[in-house]
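As structure tokens, the structure follows; a few thoughts come after it.
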Amino acid sequence: MTGDVAVVVRGLQKRYGERTAVAGIDLDVARGEVFALLGPNGAGKTTTVEILEGYRTRDAGEVVVLGEDPAHAGRSWRARVGIVLQSVTDLSELTVAETVRHFARYYPRPRDPDEVMATVGLSDSADQRARLLSGGQRRRLDVALGILGRPELLFLDEPTTGFDPAARRIFWLLVESLAGEGTTIVLTTHYLEEAERLADRVGVVAQGRILEVAAPADLGGRKDAQASVSWTAKDGTRQTVVTAAPTRTVTELAAAFDGEVPELSVTRPTLEETYLRMVGEL
Ligand code: ATP
């Protein structure tokens with residue numbers, strides 16, 4: 001175990017009765033890394049993350065998070081870990097500001113509650129009862145509570161579910177700034193665009209196993225995948241060539257058309273297409 005590693009998982013297994021949720025997962029997350037777990041509903045992502053957070057027991061395997069086994073780690077370890085669970089926090093009658101200030105007291109070195117509310121875009125809702133917030137605003141409050149203690153490692157389980165597109169983009173900036181400060185981040189998401197934007201590496205999980213771990217640009221051999229060059233021919237038909245040398249194809253087309261190639265496009269497999277193919281849904 002070196003100081004460069006935030007999370008080590010070996011041979012992790014978890015069953016619920018007859019159902020196997022995690023069937024032997026190996027994983028390493030480096031310190032300072034943003035790591036995204038992708039996978040279909042029921043793949044075992046939340047189970048894995050909750051075991052790493054110390055909220056679920058495991059049946060087999062080794063787990064080391066910030067140098068300790070989460071199953072036995074104490075309060076000082078918990079203060080170093082920030083958690084945004086998938087289910088929204090159960091809220092009382094407190095206002096947003098009261099909730100954030102209340103939770104700040106649990107940490108030895110909390111961030112300033114007003115700053116945190118501003119960071120997640122809740123300053124204008126500070127005096128509103130937390131229970132009455134919209135779904136997306138409640139999610140922002142969850143995120144606020146997760147980052148309040150200046151965690152070294154932040155777990156985000158589907159953090160932007162229910163966010164409108166503008167809120168999602170603001171959230172991405174927040175994650176990038178936390179990562180810029182050196183926070184290690186493990187997130188699960190169903191938004192491929194989110195994984196591509198934020199993650200240094202993604203791990204694709206299906207049926208309790210990791211299919212591949214790679215940088216988003218490399219997943220499923222994307223980087224080496226052939227490009228599709230499409231254009232509209234002089235007779236009006238749509239033409240497509242799949243090639244490893246799209247620049248040459250485009251140059252030849254430009255010469256043949258003596259200038260602009262009608263409705264030219266050059267595409268490679270997107271992360272979403274690659275992911276869907278990997279999990280067998282394309
Ligand atoms: P999603 O993307 O839908 O959140 P996930 O990848 O996070 O899915 P998990 O929530 O880890 O998947 O679930 C993995 C499997 O374990 C599923 O088949 C689920 O039904 C089952 N499961 C999860 N929690 C429990 C539980 N407390 N009791 C019984 N079965 C469970």
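This is a predicted model, so every value here is computed, not measured.
Side-chain contact between F155 and L52 is present, with heavy atoms from C-beta onward closer than 4.5 Å. Side-chain contact between E212 and V202 is absent, with no heavy atoms from C-beta onward closer than 4.5 Å. The shortest distance between side-chain heavy atoms of T47 and Y16 falls below 4.5 Å. Looking at V22 and Q13, their side chains never come closer than 4.5 Å, going by heavy atoms from C-beta outward. With contacts defined as side-chain heavy-atom distances shorter than 4.5 Å, the pair Q137/S125 qualifies. Within the 4.5 Å cutoff, the side chain of E273 has no heavy atoms near those of the M278 side chain. Looking at R139 and F163, their side chains come closer than 4.5 Å, going by heavy atoms from C-beta outward. Within the 4.5 Å cutoff, the side chain of W231 has no heavy atoms near those of the T240 side chain.
Surrounding CG of D258 are at most 12 heavy atoms belonging to other residues, nucleotides or ligands under 6.0 Å away. Under a cut-off of 6.0 angstrom, the local environment of CD in Q207 is sparse, with at most 12 non-hydrogen atoms contributed by other residues, nucleotides or ligands. For CZ of R238, the number of neighbouring non-hydrogen atoms (other residues, nucleotides, ligands) closer than 6.0 Å is greater than 12.
Nearest heavy atom pair, residue G146 against residue V84, reads CA-CG2, 4.0 Å. Of all non-hydrogen atoms in G39 and K45, the two that sit nearest each other are O-NZ, 2.8 Å. Closest of all the heavy-atom pairs between P151 and I147 is CD-O, 3.6 Å. The two residues R150 and P110 make their nearest non-hydrogen contact at NH2-O, 3.5 Å. When all heavy atoms of A206 and A43 are compared, the closest pair comes out as CA-CB, 4.1 Å. In plain terms, the two heavy atoms of G208 and I25 that are nearest each other are O-CG1, 3.4 Å.
Here R10 does not pair with D26 in a salt bridge; the nearest charged N to carboxylate O distance is not below 4.0 Å. Salt bridge E176/R197: present, at least one basic N to carboxylate O contact under 4.0 Å. For the pair R277 and E272, the salt-bridge criterion is not met [side-chain N within less than 4.0 Å of a carboxylate O]. A salt bridge does not link R101 with D112: every distance from a Lys NZ or Arg NE/NH1/NH2 to an Asp or Glu carboxylate oxygen is 4.0 Å or more. One finds a salt bridge joining R111 and E181 here, because a Lys/Arg side-chain nitrogen approaches an Asp/Glu carboxylate oxygen to under 4.0 Å. Remark: E50 engages R56 in a salt bridge, criterion side-chain N to carboxylate O under 4.0 Å.
Listed for the T119 side chain is a donor-acceptor partner under 3.5 Å among the backbone atoms of E115. For the pair D200 (side chain) and V34 (backbone), a donor-acceptor distance under 3.5 Å is present. Remark: the backbone N or O of T247 is paired with a side-chain donor or acceptor of T251 at under 3.5 angstrom. In this structure, the side chain of R201 does not engage the main chain of A36 through any donor-acceptor pair within 3.5 Å. Checked by atom type and distance alone, the side chain of R78 never pairs as donor or acceptor with a backbone atom of A73 at under 3.5 Å. In this structure, R129 contributes its side chain and E93 its backbone to a donor-acceptor pair below 3.5 Å.
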(request) Could you check F171 against L173 for side-chain contact (heavy atoms from CB on, under 4.5 Å), going step by step and ending with a plain yes or no? (result) CA-CA 5 Å; F171 175 80; L173 294 174; over 6 Å; no
(request) Would you check, one step at a time, whether the test side-chain contact (heavy atoms from CB on, under 4.5 Å) holds for E62 with V9? (result) CA-CA 6 Å; E62 250 182 83; V9 177; over 6 Å; no
(message) Assess the residue pair K14 and T48 against the criterion (side chain to side chain donor-acceptor pair (under 3.5 Å)); give the C-alpha distance rounded to whole Å, side-chain angles, the decisive distance to 0.1 Å, and a yes or no.
(response) CA-CA 8 Å; K14 174 72 178 178; T48 301; over 6 Å; no
(request) Tell me, with the steps shown, if D218 and K223 meet salt bridge (charged side-chain N to carboxylate O under 4.0 Å, His left out). (result) CA-CA 5 Å; D218 294 343; K223 208 163 57 184; 3.3 Å; yes
(request) Kindly determine whether V250 and V261 satisfy side-chain contact (heavy atoms from CB on, under 4.5 Å), including the steps that lead there. (result) CA-CA 8 Å; V250 170; V261 182; 5.5 Å; no
(request) Could you walk me through whether V5 and R31 pass side-chain contact (heavy atoms from CB on, under 4.5 Å), step by step? (result) CA-CA 5 Å; V5 188; R31 275 195 191 259; over 6 Å; no
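R169 is linked by a side chain to side chain donor-acceptor pair (under 3.5 Å) to E193, counting only residues two or more places apart in sequence or in another chain. Partners of D124 by salt bridge (Lys or Arg N to Asp or Glu O under 4.0 Å), not counting sequence neighbours: none found.
In this structure, L12 CG and L27 CG are separated by 9.0 Å, a value rounded to the nearest 0.5 Å. With rounding to the nearest 0.5 Å, the separation of OG1 in T274 from CZ in R268 is 11.5 Å. Atom OG1 of T184 sits about 9.5 Å away from atom CG of L154, to the nearest 0.5 Å. One distance of note links CD of E194 with CG of L156; it measures 8.5 Å at 0.5 Å rounding. Atoms OG1 and CG, on T57 and D59 in that order, are 6.5 Å from each other to the nearest 0.5 Å. Annotation: the span from R80 atom CZ to R75 atom CZ amounts to 15.0 Å, rounded to 0.5 Å.
Under the 4.5 Å side-chain heavy-atom criterion for Ile, Leu, Val, Met, Phe, Trp and Tyr, W172 and L174 are members of the same hydrophobic cluster. In the hydrophobic clustering of ILVMFWY residues, with side-chain heavy atoms under 4.5 Å counting as a link, V186 and W77 come out together. A continuous path of hydrophobic side-chain contacts links L66 to V7 [ILVMFWY only; heavy atoms under 4.5 Å]. L132 and L141 end up in different hydrophobic clusters when Ile, Leu, Val, Met, Phe, Trp and Tyr side chains are linked at under 4.5 Å. Cluster annotation: L38 and Y191 are assigned to distinct hydrophobic clusters (Ile/Leu/Val/Met/Phe/Trp/Tyr, side-chain heavy-atom contacts under 4.5 Å, transitive).
A donor-acceptor pair shorter than 3.5 Å cannot be found between the side chains of T95 and D127. In the model, E263 has a side-chain atom that pairs as donor or acceptor with a side-chain atom of T232 under 3.5 Å.
Taking the six-membered ring where tryptophan is involved, the planes of Y106 and F103 are tilted, since the angle between them lies from 30° to 60°.
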